[in-house]
A.B. asks: 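Take this structure, written in structure tokens, and hold onto it; I'll ask about it next.
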2 protein chains.
Amino acid sequence: MGISKTEIFTDQQNEIAVFAKAFGHPARVAILQHLFKIDTCVCGDLVNEIGLAQPTISQHLKELKNLGLIQGSVEGTRVCYCINPENWTKMKQILSNFLNQDVSIKNDCC
Amino acid sequence: MGISKTEIFTDQQNEIAVFAKAFGHPARVAILQHLFKIDTCVCGDLVNEIGLAQPTISQHLKELKNLGLIQGSVEGTRVCYCINPENWTKMKQILSNFLNQDVSIKNDCC
DNA sequence: TTACTTCATTGCAATATTACGATGAATGAC
DNA sequence: GTCATTCATCGTAATATTGCAATGAAGTAA
């Protein structure tokens with residue numbers, strides 16, 4: 001049906017999935033990498049940096065903003081974006097907990 | 001168009017996106033968590049454990065298997081799945097590199 | 001053999017995502 | 001005021017994803 005049955009999963013599982021989905025597109029990965037590389041707010045040049053049309057970039061930025069991973073502020077005609085450090089750290093911990101659960105895989109299986 | 005323009009991004013960016021997408025659905029998160037919890041191969045009871053229909057689970061398992069994150073072996077009428085430790089570690093390093101790039105965010109922005 | 005179990009595959013419907021042209025809103029320059 | 005710039009939003013088309021019923025394939029049990 002194209003709709004995920006989120007109600008049968010735990011809040012934690014849904015939260016992991018929502019954050020992971022944010023990185024599930026290379027454009028959003030590229031946007032975040034660029035914001036980290038510049039290490040301050042980026043004003044306007046994201047469309048040139050990434051190779052997609054302006055409405056498409058705007059849409060990806062909106063998704064990242066809705067998740068709280070980035071924040072933007074208006075500077076005249078431009079809008080400046082940067083990482084939201086608190087929320088990035090929060091997200092990182094949630095995903096790291098999931099990724100680091102590989103305690104002890106028995107090799108007497110499969 | 002529903003199709004991602006992967007050709008304009010680096011291999012690394014596409015790789016991050018592909019792995020992240022694997023966790024972008026709570027059912028796949030739940031499957032992986034269960035495999036880790038059981039800590040050995042799981043034979044058959046995934047449909048009862050997760051609350052989705054059998055073809056749906058089979059489809060999610062196929063995606064995880066195609067990415068190499070899990071592996072399966074036939075045991076009679078049953079099929080047993082477990083985490084692929086090598087590929088899980090590989091994936092974890094790729095995603096961790098991305099998540100851990102928060103070196104120094106200047107707070108004189110935004 | 002038949003019946004049963006387990007899982008994969010097919011086919012389909014509903015929803016989501018991606019991308020962009022066109023347009024609008026807000027600001028700055030003049 | 002006009003004009004240009006920048007970014008958001010709307011509308012739409014194409015593709016992807018999710019979910020399940022029906023069916024198929026392969027094994028076990030009798």
Side-chain angles (χ1 to χ4, degrees), chain A residues 1-9 13-14 16-31 34-35 41-67 70-82 110, chain B residues 1-9 13-14 16-31 34-35 41-67 70-82 110:
Chain A
M1 310 197 170
I3 187 171
S4 300
K5 294 183 114 184
T6 55
E7 71 276 9
I8 67 173
F9 302 105
Q13 287 163 341
N14 284 315
I16 292 170
V18 165
F19 279 130
K21 204 181 286 185
F23 310 134
H25 193 286
R28 292 190 289 270
V29 171
I31 288 171
H34 186 65
L35 289 180
C41 42
V42 167
C43 302
D45 57 321
L46 273 171
V47 174
N48 292 329
E49 194 64 29
I50 323 290
L52 294 170
Q54 179 266 324
T56 309
I57 299 290
S58 191
Q59 202 171 321
H60 285 305
L61 287 171
K62 190 180 175 185
E63 291 179 52
L64 293 173
K65 208 165 140 191
N66 286 343
L67 275 178
I70 65 173
Q71 54 197 4
S73 62
V74 180
E75 305 254 342
T77 55
R78 308 191 138 197
V79 178
C80 298
Y81 286 102
C82 66
C110 295
Chain B
M1 311 198 174
I3 187 172
S4 299
K5 294 181 114 181
T6 55
E7 71 275 9
I8 67 172
F9 301 105
Q13 288 163 342
N14 284 316
I16 292 172
V18 165
F19 279 130
K21 205 182 283 185
F23 309 135
H25 193 287
R28 293 190 288 270
V29 172
I31 288 171
H34 187 65
L35 289 180
C41 41
V42 166
C43 303
D45 56 321
L46 272 171
V47 174
N48 293 330
E49 193 65 30
I50 323 289
L52 294 170
Q54 179 267 325
T56 308
I57 298 290
S58 190
Q59 201 171 322
H60 285 305
L61 287 170
K62 190 180 176 186
E63 291 179 52
L64 293 172
K65 208 165 141 192
N66 286 343
L67 275 178
I70 66 173
Q71 54 198 4
S73 63
V74 180
E75 306 255 343
T77 54
R78 309 191 137 196
V79 178
C80 299
Y81 286 103
C82 67
C110 295

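Keep in mind that this is a model prediction, so the values were computed, not measured. The chains referred to below are lettered A, B, ... by the order of the sequence lines, with proteins before strands, and numbering in each begins at 1.
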A.B. asks: Nearest heavy atom decides the nucleotide; on that basis, is A:V47 or A:F9 closer to the 5' end of DNA chain D?
C.D. replies: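 By nearest-heavy-atom nucleotide position, the 5'-most residue is A:V47.
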A.B. asks: Here's a test of your reading of the structure: between A:I57 and A:T6, which maps to the more 5' nucleotide of DNA chain D?
C.D. replies: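 Counting from the 5' end, the first nearest nucleotide belongs to A:I57.
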A.B. asks: To the nearest 0.5 Å, tell me how far A:I8 CD1 sits from B:L52 CG.
C.D. replies: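 Answer for the CD1-CG pair, A:I8 versus B:L52, is 4.0 Å.
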A.B. asks: Nearest-Å distance, CZ (B:R78) to P (C:dT6)?
C.D. replies: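 My rounded result for the distance is 6 Å.
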A.B. asks: Identify whether any heavy atom of B:T56 sits under 4.0 Å from a base atom; if not, whether one sits that close to sugar-phosphate; answer base, sugar-phosphate or nothing.
C.D. replies: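 Base, at least one base heavy atom under 4.0 Å.
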A.B. asks: Output one letter per nucleotide in nucleotides 22-30 of chain C: B when a protein non-hydrogen atom lies under 4.0 Å from the base, S when only the sugar-phosphate is that close, - when neither is.
C.D. replies: B----BS--
A.B. asks: Between atom CD1 in B:I70 and atom C1' in C:dC7, what is the gap in whole Å?
C.D. replies: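 To the nearest whole Å, that distance equals 13 Å.
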A.B. asks: Please list, chain by chain and in numerical order, all residues satisfying side-chain hydrogen bond (donor to acceptor under 3.5 Å, both in side chains) with A:E49, sequence neighbours excluded.
C.D. replies: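 Once residues adjacent in sequence are excluded, A:E49 has no partner under the side-chain hydrogen bond (donor to acceptor under 3.5 Å, both in side chains) criterion.
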A.B. asks: With B:F23, which residues qualify under ring-ring contact (aromatic ring centres under 6.0 Å, His included), at least two apart?
C.D. replies: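 Counting only residues at least two positions away or on another chain, B:F23 forms a ring-ring contact (aromatic ring centres under 6.0 Å, His included) with A:F98, B:W88.
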A.B. asks: Please list, in numerical order, the residues of residues 16-26 of chain A that have a heavy atom closer than 4.0 Å to any atom of DNA chain C.
C.D. replies: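 Contacts with DNA chain C under 4.0 Å: A:K21, A:H25.
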A.B. asks: Work out which heavy atom in B:T6 is nearest to a heavy atom in B:N14; give both atom names and the distance.
C.D. replies: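 Of all heavy-atom pairs spanning B:T6 and B:N14, the closest is O-ND2, 3.0 Å.
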A.B. asks: A:S4 near the nucleic acid: base, sugar-phosphate alone, or nothing, with a heavy-atom cut-off under 4.0 Å?
C.D. replies: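 Here A:S4 touches the backbone only, sparing every base.
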A.B. asks: To the nearest 0.5 Å, what is the distance between CG on A:L61 and CD1 on A:I31?
C.D. replies: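 So the CG of A:L61 and the CD1 of A:I31 are separated by 4.5 Å.
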A.B. asks: About how many Å separate OG of B:S73 and OH of B:Y81, when rounded to the nearest 0.5 Å?
C.D. replies: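 Reported value, rounded in 0.5 Å steps: 9.5 Å.
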A.B. asks: Using a cut-off of 4.0 Å on non-hydrogen atoms, how would the nucleic acid contact of B:L52 be classed: base, sugar-phosphate, or nothing?
C.D. replies: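 B:L52: backbone/sugar contact only, no base atoms under 4.0 Å.
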A.B. asks: Is any side-chain N or O of B:K5 closer than 4.0 Å to OP1 or OP2 of C:dC20?
C.D. replies: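 Yes, B:K5 has a side-chain N/O under 4.0 Å of OP1/OP2 on C:dC20.
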A.B. asks: Between D:dA8 atom C1' and A:K62 atom NZ, what is the distance in whole Å?
C.D. replies: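 Value for this atom pair: 8 Å.
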A.B. asks: To the nearest Å, give me how far apart CG (A:N48) and P (D:dT5) are.
C.D. replies: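 So the CG-P distance, A:N48 to D:dT5, works out to 14 Å.
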A.B. asks: Please tell me if A:H60 has a side-chain N or O lying less than 4.0 Å from either OP1 or OP2 of C:dT17.
C.D. replies: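 Answer is no, no contact under 4.0 Å.
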A.B. asks: With sequence neighbours excluded, what pairs up with B:L67 under the side chain to side chain contact (heavy atoms under 4.5 Å, CB included) test?
C.D. replies: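 Only B:V18, B:F19, B:A22, B:L69 meet the side chain to side chain contact (heavy atoms under 4.5 Å, CB included) criterion with B:L67.
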A.B. asks: Write down the distance between CG (B:L64) and C1' (D:dT17), rounded to a whole number of angstrom.
C.D. replies: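 Atom CG in B:L64 sits about 14 Å away from atom C1' in D:dT17.
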A.B. asks: Looking at B:Y81, does any N or O in its side chain come under 4.0 Å of the phosphate oxygens OP1/OP2 on C:dA8?
C.D. replies: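 For C:dA8, OP1 or OP2 has a side-chain N or O of B:Y81 closer than 4.0 Å.
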A.B. asks: According to the side chain to side chain donor-acceptor pair (under 3.5 Å) rule, which pairs have a member within residues 54-64 of chain B, sequence neighbours left out?
C.D. replies: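 Applying side chain to side chain donor-acceptor pair (under 3.5 Å) to every pair that reaches into residues 54-64 of chain B, excluding sequence neighbours, yields B:R28-B:H60, B:R28-B:E63.
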